[in-house]
Undergrad: 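Handing you this structure, nothing more for now.
These numbers come from a predicted model, not from an experiment.
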There are 4 protein chains.
Amino acid sequence: MATDGRTRRNGAGRRDLTEIAINCFARHGYQGTSIDRIAREAGVTKGAIYHHFRSKEDLLAAAVRDRIGEFETRVQNACRDAAPDESLRRIAEVCAEHARSEDRPRFAIKLMVESIETNAPVLEEMRGMMRRFRAFLRNIVRAGQDSGLLRSDADADAVAAAYTSAVIGAETQFYLDPKRFSLEHTLETFVSQMLDNLRPAGAAQTLQGRSDP
Amino acid sequence: MATDGRTRRNGAGRRDLTEIAINCFARHGYQGTSIDRIAREAGVTKGAIYHHFRSKEDLLAAAVRDRIGEFETRVQNACRDAAPDESLRRIAEVCAEHARSEDRPRFAIKLMVESIETNAPVLEEMRGMMRRFRAFLRNIVRAGQDSGLLRSDADADAVAAAYTSAVIGAETQFYLDPKRFSLEHTLETFVSQMLDNLRPAGAAQTLQGRSDP
Amino acid sequence: MATDGRTRRNGAGRRDLTEIAINCFARHGYQGTSIDRIAREAGVTKGAIYHHFRSKEDLLAAAVRDRIGEFETRVQNACRDAAPDESLRRIAEVCAEHARSEDRPRFAIKLMVESIETNAPVLEEMRGMMRRFRAFLRNIVRAGQDSGLLRSDADADAVAAAYTSAVIGAETQFYLDPKRFSLEHTLETFVSQMLDNLRPAGAAQTLQGRSDP
Amino acid sequence: MATDGRTRRNGAGRRDLTEIAINCFARHGYQGTSIDRIAREAGVTKGAIYHHFRSKEDLLAAAVRDRIGEFETRVQNACRDAAPDESLRRIAEVCAEHARSEDRPRFAIKLMVESIETNAPVLEEMRGMMRRFRAFLRNIVRAGQDSGLLRSDADADAVAAAYTSAVIGAETQFYLDPKRFSLEHTLETFVSQMLDNLRPAGAAQTLQGRSDP
DNA sequence: TATGAATGAGCGTTCATTCAT
DNA sequence: TATGAATGAACGCTCATTCAT
């Protein structure tokens, strides 16, 4: 009985292991996480992990892939049936929620940065995620431009790159200094600034950017 | 009596060691850098390092403090005798240059992110640097507002936070994907967008975002 | 399925390790014994030891506890069904045998002395052993006094303390100078002297102290 | 000015170094004492120590020799112009005082035991001290026997060995458990017991051995 | 499918010792 | 006579990985 994916107590399946692993990796980094710790937290022995994964790197790669897919699905869903400018607002919200969530956060920032110059396969995976994220944003901007909603003389690639930068940088600062860094407010400020700037010449200018005086 | 800075045997003084150490730490992270590696790269034995520093953490702290001071000096110098808007452009340039330089780059991003949840003292140091950076930017924005150069209804704190985010995020993406991420262009796009948005109501709008195909 | 106690590969179970460890500790002291040496002597690698024990201190504690228990059992058994004066003779014999045995000797003296001012938990363990040993002796003396076999105006506590002193001091001298220090003869001399002195007023005095030239 | 042996602050002479060294060795043992620690406590650098002593072992040997000489002088002085039985009482007192003193204590016990099976030269030194101590005691006993003060059928060697045992064992227990082990009382009990036993046949028996009921 | 004993390489750190000054 | 930089060997410990069961 009770075979709903995660069985009780013992015997965590392949899937459960990636769940637990990515949490450890996200918290303590790849090098800071021992197979032993993952095993302990999963309630299994090291051997069990090596039964499912060929190596620590393999486990990390599998876990990262899982998370990336999940994150991308979430972003795409947030944009379903939304106008381009609305999509750009929603994506920022999803990213902020992700950063604040209990279990998922930090993994992209921590493992992405840690893999620079140290772990080519994961780096490639992360690079792909970032490229797809920027392409996704760029397509939204282009769609907005095609429909006349956004200024057509803006460089959609650069806008997407700046947007991605703001998200990554805001998340990083938030993890670094959660008490003093206002994640949502920063992202809202950025997005409003950007949308304001992308408004076609004739459109009226919104008043934004002043708050908690 | 051999006083060319690095005295005796084949030595590498305290200072040289922090230089070499921070390069290693920035490249491979704190956990990914062994004392042996630093020693090898400095041409000394592990013992020599422990003669100058009490522990690996001590070495890291000394190296990080050095680098932070250097970076902050550099940013401040770039703003000497510059108008607020010009300062905001120059800071982005300095950050881009820093990210592209041979020896100094990556240290902030890598160690900042790695220290989250794992190394409280370094975290504190980095937090301090980020807070000072944001405060520095905010003061520039406020100076611009006071002089009428920038819109006075903008939230200077949020603008500074967004600016910092853009810088960190752009640097991160650049390290991750130097071939495909256009660091300078992204930062220019961001800064122009921001300055455009901060222009007082009456001022003319510049053309920005010239797409490079 | 190979269940001869020490299973698999070339192993040495937890128990064997404490046996080997205490021998090393007793010979070279705690600080003078490296984990590597224990491993080598046990025919395993360091890692195997750390699989069974959390630390060198943990291994020491386990080994010391084992030995203390063994020693106390041995002393108690020697006194089964013996009159108080006979018990006091037998305990000295057991201690002398213990000091001469191949594997067990020295551990108490070496580790007890080494732990003074340097290793609180082991000190505590040893202190406990000594207190129990003195209490055991005192109870024997009291039993002798209650039965009229020994002078009742003697201070049982002080007698027990002096007895323990003689045993420890004789053992120490024996280890220091086995060729020139006559362990059994010294202890016999002491015990006879003591029993002579504890003889009730009316009883005849034995001739003791026959000098062996 | 001020060259009274130990100069102010810096520049501890050879003699001062052995003083400081033996204190360290007595407290933390030989292996537990680093040259660095001695240097720090003496207010000099390691190099200065190596200027005076060829090695750590050499320093230990010198320090031990100093202390042994001092101790033996002290014991001999205590016996000047005293009858044999009185001498035997006084020696126990000197040993107890020595064990309680601030600076000198523990060195014999700790270093003697630690050197067993690990440090042949020091072991030899300690062996010599013990042999001389026993010989000194034996001669006192013999003198007592020759003068008719003590029973002449007692084995003077064995008596001396038992006496030495009691002293060493009492000291050890005292260091191990100063709160619960009564050093002076134990030694007094032992000596009284022994002297009582050594009294010639005709002499009256003293009442000893009952105290703090 | 999972366990647990074991390995072997490596890491941070300590320390006696050397030596140019 | 003394310093302080440096060495090199060891040590306690960790950890990814292997493998018999």
Undergrad: Does a side-chain heavy-atom distance below 4.5 Å link V122(C) with Y30(C)?
TA: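 No. Closest side-chain heavy atoms not under 4.5 Å.
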Undergrad: Answer yes or no for K110(C) and F25(C): cation-pi contact, defined as NZ/CZ to six-membered ring centre under 6.0 Å and angle to ring axis within 45°.
TA: no
Undergrad: Check the distance between dA2(E)'s P and D16(A)'s CG and give it to me in whole angstrom.
TA: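 Those two atoms, CG and P, are 11 Å apart.
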Undergrad: Taking the side chain as C-beta and beyond, is there a heavy-atom pair between H28(A) and R37(A) under 4.5 Å?
TA: yes
Undergrad: Report yes if some heavy atom in the side chain of V44(B) is under 4.5 Å from a heavy atom in the side chain of I38(B); otherwise report no.
TA: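 No - every pair of side-chain heavy atoms lies 4.5 Å or more apart.
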Undergrad: Can you find a pair of side-chain heavy atoms, one from L111(C) and one from L60(C), that are under 4.5 Å apart?
TA: yes
Undergrad: Counting a pair only when it is Watson-Crick or G-U and both distances are under 3.5 Å, which runs of at least 3 such pairs involve DNA chain E?
TA: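 For DNA chain E the paired stretches long enough to count as stems (3 pairs minimum) are E:2-21 with F:2-21.
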Undergrad: Enumerate the residues from residues 28-38 of chain A whose closest heavy atom to DNA chain F is under 4.0 Å, giving them by residue number; use none for an empty result.
TA: T33(A), S34(A), I35(A)
Undergrad: Are V64(B) and M126(B) close enough that some pair of their side-chain heavy atoms sits under 4.5 Å apart?
TA: yes
Undergrad: Salt bridge or not for E125(B) and R67(B), using N-O below 4.0 Å?
TA: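 No, no charged N to carboxylate O under 4.0 Å.
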Undergrad: Can E57(D) and N119(D) be counted as having a side-chain donor-acceptor contact under 3.5 angstrom?
TA: yes
Undergrad: Between dA6(E) atom P and L17(C) atom CG, what is the distance in whole Å?
TA: 8 Å
Undergrad: Heavy-atom contacts under 4.0 Å between residues 46-53 of chain C and DNA chain F, which residues?
TA: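 K46(C), Y50(C) - these, ordered by number, are the residues of the stretch whose heavy atoms sit under 4.0 Å from the strand.
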Undergrad: Please report, rounded to the nearest Å, how far the C1' atom of dT3(E) is from the CZ atom of R40(A).
TA: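 Taking atom C1' of dT3(E) as the reference, CZ of R40(A) is at 16 Å.
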Undergrad: Identify which one of L176(B), I109(B), V113(B) satisfies the side-chain contact (heavy atoms from CB on, under 4.5 Å) criterion when paired with M112(A).
TA: L176(B)
Undergrad: Check this for me, if you would: do R65(C) and E124(C) make a salt bridge, where the nitrogen-to-carboxylate-oxygen distance has to be below 4.0 angstrom?
TA: no
Undergrad: Rounded off to whole Å, could you give me the CZ-to-P distance for the R54(A) and dA16(F) pair?
TA: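 Between P of dA16(F) and CZ of R54(A): 17 Å.
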